[in-house]
A.B. asks: 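My questions all concern the structure below.
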Amino acid sequence: MRQRSLTALALAAVLATTTGCTVERHWGGNTNTGGSGKAKVGLVTKTDTNPYFVALRDSARATAQANGADFSALAGQFDGDNDGQVRAIENLVQQGANTILITPSSSTGVLKAIKDARDAGILVIALDTATEPPDAVDATFATDNFAAGQQQGAYVKAALKGAPPKLLMVDGTAGSSVDTQRHGGFLKGIGLTDGSPEIKGHTAANGDQSLAQQGMENLLQRTTDINAVYSMNEPMGRGANAALKARGLTNQIVMGSIDGGCEGVQNVKDGLYAATVMQFPKKMAEQGVLAAVEYAKTGKKPTGFVNTGSAVITDKPLPGVESHDTAWGLQNCWGGTK
Amino acid sequence: MTTATVTRPSTKERESLGEFLLRAPAVGPALALIVAIVVFSLSTDTFFDLDNLSTVVQQSLVVGTLALGQTLVILIAGIDLSNASSMVVATLIMAKLAAAGTNGFVALLAGVALTIIVGIFIGGLATRIKLPAFIITLGTFTMLTAVSKLIAGGQAVPVTDGLLQWLGTKRYLFGGIPITYGMTLALLMYLGVWYALTKTAWGKHVYAVGNAPESARLSGIKVNRTVLSVYIVAGLAFGLAAWQALGRTPNADPNQFQLGNLDSITAVVLGGTSLFGGRGSVLGTLMGALVVAVLRSGLTQMNVDGNYQDLATGALLIAAVVVDRIARRQQS
């Protein structure tokens, strides 16, 4: 008899371990949703090595600690790892999170897992990247990438001081929503549309500095009669700058970039490009965790798109374009050693 | 009777073409390269320009140097999936040490030492435990990718050290063509490996081990020692590729060259080296690396979308393997 109960106990233990069914399940899970008191926040980022997501995660953890919330962070293995993010969401549901903050790898790839989580009563907030459709999550706290691109375009336009733009564009990963929004915003800001003859060429470099350098070198072989360069993020801005510098063109062009990493701000300070548009991942994380705490206390869920803002960083301010200098930028940038 | 006399010469012609390609595997890629250059020179008025041709060569340096090491590994019927990640770690080590005030030469040596150590690690597992190179280097690739991100903390490291940038910044004119020291180094490396493969006993051992390791062993070749030496020489090439990379962009970024391993395999295969080992040449690899860079440059100047550029490169790769297969079948 005793032997049998021991076997049963062992079997139960094994089952509990293999199904991930832990003690936490009792105080967590579907019972611990809105209004029940303690916030248990799970964060799922695209990767856990990119400094942008590191800044976002650190800020979320700090805010959670300051507000007495439980916090755990999971991530996909690489940018675009939908499957890894789905597994992370499932784990968090299993662990009894009552709020999941997620930076979706793709705007549609993780929707089913998000729906399952929401059906279980969990508050789901998208950070940084919106889902498609936007109401697949309760709320989105993110940079308005179109607006960020538009600010970049407006700065470049102002810097051209009325000269007609002759533009080369270094895009990111073709088809990604962030790439499309920044690209479109930039063109609106500078006053062009896709297919405008003022666009002298474009290359897609997937965010890779060396590919951006190669692409820019090849574009410059096509024409050096340019005065403006768009780069979709800062590593690609560095690559494009290397190609422009080799041709001695850095003085005749205005290049803008987007991201606001500390290295990017330093690049602006060093004159690699004229301006960058800063995003605020720390703010996204902070507001996300505060919303989770609020939800745990009162059951109130945030809704809609909350723009966490973006700011032009440059040491060459121009009339009509609101901007901050690089000293401010270095105080507010994310990633790296300040 | 008449039909026999008509068909026989044509069969013989085809056979001799196959044999020819087997004897000189660099001929195919050289033809492809010439065709591409002619087409782009005629269809754009910017491609055929000494500065541009120099740029195209510089664009192919890093992958070309990775591919030099990869050629040796593939010649012994191995494969190295970790070469680019090993190189990226080396660039980060060089950049971090230089940023911390270490002498540029010492930083360079430390980076090269890392890639050689990785080579010894892979070669050691391949010879002692007889693991397939694919598996070992897949594991090494994963580990080194993680290491590069850990070292960098996700942050790129700018390089200002003169020596580390020297391969890209110093240039001289040769017959009006701007030549960087990086191009010179790559040429010397290719010449060195070409000499070692064709004129020395070691080279003959490499081909023999790639063709039939058991026969090589029975004929007295120290197979394990040859395999290990190949991974060490390849490691040295990957370390020098790291130096080339810093010469191109003085900035060590862990997110660069994510497909460098596959790019190097593409160059090797386009260059006519057989993935089954024992057949190929570094001259072909040089052509293979150049073909890819020429395609990218020419198509960009023709304003062709990047996705179509990848499509063209992929199709060319498959064509190269088909040629390899036909050549082998006609030989047997």
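Convention: sequence-line order gives letters A, B, ...; per-chain numbering from 1. Because only heavy atoms are used, hydrogens play no part in the values below, and waters and symmetry mates are left out as well, while side chains stay in. For clarity, every value in this text was computed on a predicted model and none was experimentally measured.
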A.B. asks: Out of Thr169(B), Leu299(B), Thr55(B), Asn251(B), which one racks up the most heavy-atom pairs below 4.5 Å with chain A?
C.D. replies: Asn251(B)
A.B. asks: Under 4.5 Å, counting heavy-atom pairs only, tell me which of Thr249(B), Asp51(B), Asp45(B), Thr145(B) racks up the most with chain A.
C.D. replies: Thr249(B)
A.B. asks: With a 4.5 Å cut-off on heavy-atom pairs, point out which of Gln214(A), His202(A), Gln209(A) contacts chain B the most.
C.D. replies: Gln209(A)
A.B. asks: Between the side chains of Thr47(A) and Lys149(B), is a donor N or O closer than 3.5 angstrom to an acceptor N or O?
C.D. replies: no
A.B. asks: Which atoms of Ser210(A) are under 4.5 Å from chain B, going by heavy atoms: the side chain, the backbone, both sets, or neither?
C.D. replies: both
A.B. asks: Does the pair Arg182(A) and Asp259(A) meet the rule for a salt bridge (charged side-chain N to carboxylate O under 4.0 Å, His left out), with working shown?
C.D. replies: CA-CA 11 Å; Arg182(A) 290 184 183 179; Asp259(A) 250 358; 3.5 Å; yes
A.B. asks: Going by the side-chain hydrogen bond (donor to acceptor under 3.5 Å, both in side chains) test, name the single residue among Asp270(A), Thr276(A), Asp315(A), Thr314(A) that passes it with Thr326(A).
C.D. replies: Asp315(A)
A.B. asks: Could you point out which residue of Thr224(A), Leu220(A), Leu168(A) forms a side chain to side chain contact (heavy atoms under 4.5 Å, CB included) with Leu244(A)?
C.D. replies: Leu220(A)
A.B. asks: Specify which of Arg296(B), Gln58(B), Gln258(B), Arg248(B) makes the most heavy-atom pairs with chain A at under 4.5 Å.
C.D. replies: Arg248(B)
A.B. asks: Picking from Thr250(A), Val229(A), Leu272(A), what satisfies side chain to side chain contact (heavy atoms under 4.5 Å, CB included) with Met255(A)?
C.D. replies: Val229(A)
